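Written out below as C-alpha cells is the structure these notes cover.
The structure displayed is predicted, hence computed values, not measured ones.
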Amino acid sequence: MSIEQAPQKTAPRDSTGFLDDFTTLSEFGHTPGGGVDRQAASEADHATRAWWAEWLTGNGFKVVTDPIGNMFGLLEFVPGAPYVLLGSHLDSQPLAGRFDGAYGVLSAGHAAREVARRVAAGEVEPKLNIAVVNWFNEEGSRFAPSMMGSAVATGKLALETALAVRDHAGVSVAEALQPVDTRPEQVRVATYGEIHIEQGRILENKGITIGLVDRTWAASKYKIRVHGAQAHTGATVMADRRDALFGAALLITAARELTEVLPDGMLHSSVSEMEVLPNSPVTIARLVEMNLDLRSPDEDVLAEANRLLDERFAEIEQRARVQIERELTHHWGLLAYQPEGVELSRDTASALGLSHTEIMTVAGHDSTNMKDVVPSVMLFVPSIEGISHNEAENTEASDSVAGVTMLTDVAARMVGGELWDGQSEYLLGPAKG
C-alpha cells in the first residue's frame, strides 16, 4: 500500500451548505442513539426519498425512478450523450449510522450541482452529461440480497426475481415499492463514481484523508442450515439429543476460531441473521438457519479457510449429532477497479493537496457492480474508530467536506471525457436476465 502525503492546503470549507443538508438528511429515520433506521422501502426510507427528490428538483435535476426503485437525478449538457453517474444509497441497516451510503448520495448531488455550475461558467467543456443515483436496497437488511438495485440495473439480477423477494413479515419488494412512481426508465452511463466512509480504521490510523479503492477483498458467503430433531428441553436424555442450536453454536465458534489459526488480520469471519425453529422455550431446536461470511485480502487464505471449515463441519455433525447443509450464495476473488480510475483519483487528490493512499474495500458497494459494466472510481473518507453499521458511526466534518471536494473534481474531469473512450456506454436496465 503506497501512501502519498500531499502538501496540505487550507482545510476545505463548507461553502455549499453540504453539512447543513447532511444534518437535515440525518433527521429522517433518526434514532434516540443518534443514528438512523430507514430500511429499504420502509416509511422512513420513503420519507427520505421524497426529501431527496425535492432537493434534486429544486437544484435543476430531472428526477426519474426505475421499476426496482433506483432514483436518478439527471442534468443534461450535451444532448444525446451518455452520463457520468455518481451515487450511493439512502437505505440503512437497523439502528445504523448516519453516514453509510447517505454521505455518498448527498456528496454526489453537491458534486454534480457544482460541476453544472462550472459547465455553465465555461470552466468545464462537457463531453458527457451528469447524473446522481440513490440505489435501492443496497443494505439488504429487509430484502435479500444486498446491492439489489444496482444488481438489477447491471443485469446481475432479474427484475422479476427482485420484486418477488419478501421480508420477514411477508411483504414483497413490489408491494413495498407501491408508493413509488416507478417507470421503465433507462439511463445510458459512460462512467461511474462513488464516495463512501471507509468503515475501517486504516485512513484514520495513518492520518490520510482520501482512500483510492483499487480492489475488493475476496469473499465466500453461505446460507447455513443446521438440521437436528425437535424434542423436550427437560425430559429428553442428553445422549438422545440432536440439538440444532448446539450444532449452530459450535459452528459459530469454529468460524471465529478460523481467524485465530490463520495469519493475523488476514481473515474476517462472521455469522449473522439467525432463525431458530421452533424457537419455543421448552423445545430443543430442530432447525437453525443463518448466514456465514468469510472475507480475506488473500485468495489463498480464503481457500484455506474454506478447507478448514469443511473439516470442522464434519466434526460438528458428529459431535452434535446434526446435519449441516451449506449453500454458497456469493463468492468472488480479489476484484480490481480500473487502474485508470485510480490514477485519475490520485492526480486529483494531489492537485487538491489531499493526502491519499490506495486501499482495498472489505465491504461490498454498488460500485462493485458498476465497475463490471463501466469504468468506475471508488473513494473513501476516514471513519472515526472504524465504527460502522452502528449508531455511533461518524466522520469528521473536515473529512466529509474534503471528500465532496474530491468527488467534485473527479466528476468534472469525467464530464470532460476522462475515463471514457468516446464510444462505450452501458444502458442501465429496468430489467435484465
Side-chain angles (χ1 to χ4, degrees), residues 14 16-59 63 65 69-71 73 87-111 113 132-143 146-149 167-169 171 173 176-180 194-200 204 272-273 363 365-366 380-401 403-404:
D14 180 25
T16 66
F18 172 82
L19 295 176
D20 289 340
D21 282 345
F22 188 75
T23 297
T24 301
L25 174 57
S26 300
E27 288 300 313
F28 293 95
H30 177 75
T31 63
V36 297
D37 193 333
R38 45 179 189 240
Q39 296 182 70
S42 64
E43 183 178 344
D45 187 37
H46 285 309
T48 313
R49 293 165 64 94
W51 176 84
W52 182 235
E54 183 178 347
W55 189 97
L56 290 170
T57 302
N59 283 281
V63 179
T65 305
N70 297 320
M71 295 177 64
S88 191
H89 61 96
L90 292 174
D91 71 306
S92 82
Q93 292 285 335
L95 295 179
R98 299 171 295 143
F99 288 80
D100 182 359
Y103 168 71
V105 174
L106 188 61
S107 295
H110 274 256
R113 185 179 67 179
V132 300
V133 61
N134 165 33
W135 297 110
F136 176 71
N137 189 37
E138 192 273 352
E139 293 292 358
S141 58
R142 182 181 180 188
F143 301 106
S146 59
M147 300 181 287
M148 179 180 282
D167 64 12
H168 289 300
V171 179
V173 170
L177 283 174
Q178 282 181 355
V180 179
E194 182 171 349
I195 195 165
H196 205 280
I197 58 170
E198 181 194 347
Q199 301 176 287
E204 183 184 53
S272 61
E273 196 179 21
H365 303 284
D366 292 301
F380 281 165
V381 291
S383 294
I384 296 176
E385 297 182 2
I387 297 171
S388 187
H389 286 185
N390 183 298
E391 291 171 296
E393 178 182 271
N394 201 6
T395 288
E396 296 286 356
S398 58
D399 289 330
S400 296
V401 174
V404 177

Original post:
If you round to the nearest 0.5 Å, how far is CD of Glu138 from CD of Gln93?
Top reply: 8.5 Å
Original post:
Taking atom CD of Glu43 as the centre, does the number of heavy atoms from other residues, nucleotides or ligands within less than 6.0 Å exceed 12?
Top reply: no
Original post:
So among Asn137, Thr48, Val36, which one has a side chain to side chain contact (heavy atoms under 4.5 Å, CB included) with Asp91?
Top reply: Asn137
**OP:** Please work out which of the three classes, parallel, tilted or perpendicular, describes the rings of Phe22 and Phe99, given edges at 30° and 60°.
**Re:** tilted
Original post:
Are the side chains of Thr24 and Trp51 in touch, meaning some heavy atoms are under 4.5 Å apart?
Top reply: yes
Original post:
Can you tell if the side chain of Met148 reaches within under 4.5 Å of the side chain of Val173, non-hydrogen atoms only?
Top reply: yes
Original post:
Side chains of His89 and Asn134: do they bring a donor and an acceptor to under 3.5 Å?
Top reply: no
Original post:
Would you say the side-chain atoms of Glu139 and Ser146 include a donor-acceptor pair closer than 3.5 Å?
Top reply: no
**OP:** Give the minimum heavy-atom separation between Asn390 and Ile387, together with the two atoms involved.
**Re:** CB-CG2, 3.6 Å
Subject >> Minimal non-hydrogen separation, Ile195 against Ser107, with atom names >> reply: CG2-CB, 3.7 Å
**OP:** Decide yes or no for Ser141 and Pro94: does some side-chain heavy atom of the first lie under 4.5 Å from some side-chain heavy atom of the second?
**Re:** yes
Subject >> Side-chain H-bond candidate by donor/acceptor type, Glu391 with Thr31, under 3.5 Å >> reply: yes
**OP:** Please test Glu396 against Ile384 for side chain to side chain contact (heavy atoms under 4.5 Å, CB included), starting from the C-alpha separation and ending with a verdict.
**Re:** CA-CA 7 Å; Glu396 296 286 356; Ile384 296 176; 3.8 Å; yes
Original post:
Do Leu90 and Trp135 come close enough that some side-chain heavy atom pair is under 4.5 Å?
Top reply: no
Original post:
With Phe143, which residues qualify under ring pair (Phe, Tyr, Trp, His ring centres under 6.0 Å), at least two apart?
Top reply: none
**OP:** Spell out, as yes or no, whether a donor-acceptor pair under 3.5 Å connects the side chain of Arg49 to the backbone of Gly69.
**Re:** yes
**OP:** Mind listing the closest non-hydrogen atom pair of Ala44 and Gly29 along with its distance?
**Re:** CB-CA, 3.9 Å
Original post:
Say you draw a straight line from OG of Ser92 to CZ of Arg38; how long is it, rounded to the nearest 0.5 Å?
Top reply: 6.0 Å
Subject >> Minimum heavy-atom distance Pro382-Asp399, with the two atoms named >> reply: CG-OD2, 3.6 Å
Subject >> Nearest heavy atoms of Ala397 and Leu19, plus distance in Å >> reply: CB-CD1, 3.9 Å
Original post:
Taking atom types as modelled and ignoring hydrogens, do the side chains of Ser88 and Glu194 form a donor-acceptor contact shorter than 3.5 angstrom?
Top reply: yes
Subject >> 4.5 Å side-chain heavy-atom contact, Glu198 and Thr395 >> reply: no
**OP:** Decide yes or no for Ile197 and Glu393: does some side-chain heavy atom of the first lie under 4.5 Å from some side-chain heavy atom of the second?
**Re:** yes
**OP:** Answer with yes or no after comparing the ring centroid distance for Phe28 and His46 against a 6.0 Å cut-off, counting only values under it.
**Re:** no
Original post:
Taking C-beta and beyond as the side chain, do Val132 and Trp52 meet within less than 4.5 Å on heavy atoms?
Top reply: yes
**OP:** Hey, can you tell me if Trp55 and His110 have their rings parallel, tilted or perpendicular (30° and 60° cut-offs)?
**Re:** tilted
Subject >> Main-chain N/O of Glu54 paired with Thr57 side-chain donor or acceptor, under 3.5 Å >> reply: no
Original post:
Under 3.5 Å, is there a donor-acceptor pair linking the side chains of His196 and Asp100?
Top reply: yes
Original post:
So, Asn70 side chain and Phe136 main chain: donor-acceptor pair closer than 3.5 Å or not?
Top reply: yes
**OP:** Specify the closest pair of heavy atoms between Ala363 and Gln199, including all atoms of both residues, with the distance to one decimal.
**Re:** CB-OE1, 3.7 Å
**OP:** Measure the shortest side-chain to side-chain distance between Val133 and Met71 over non-hydrogen atoms and say whether it is less than 4.5 angstrom.
**Re:** no
Original post:
Counting N and O atoms only, with roles assigned by atom type, does the side chain of Arg98 sit under 3.5 Å from a partner on the main chain of Ser26, one being a donor and the other an acceptor?
Top reply: no
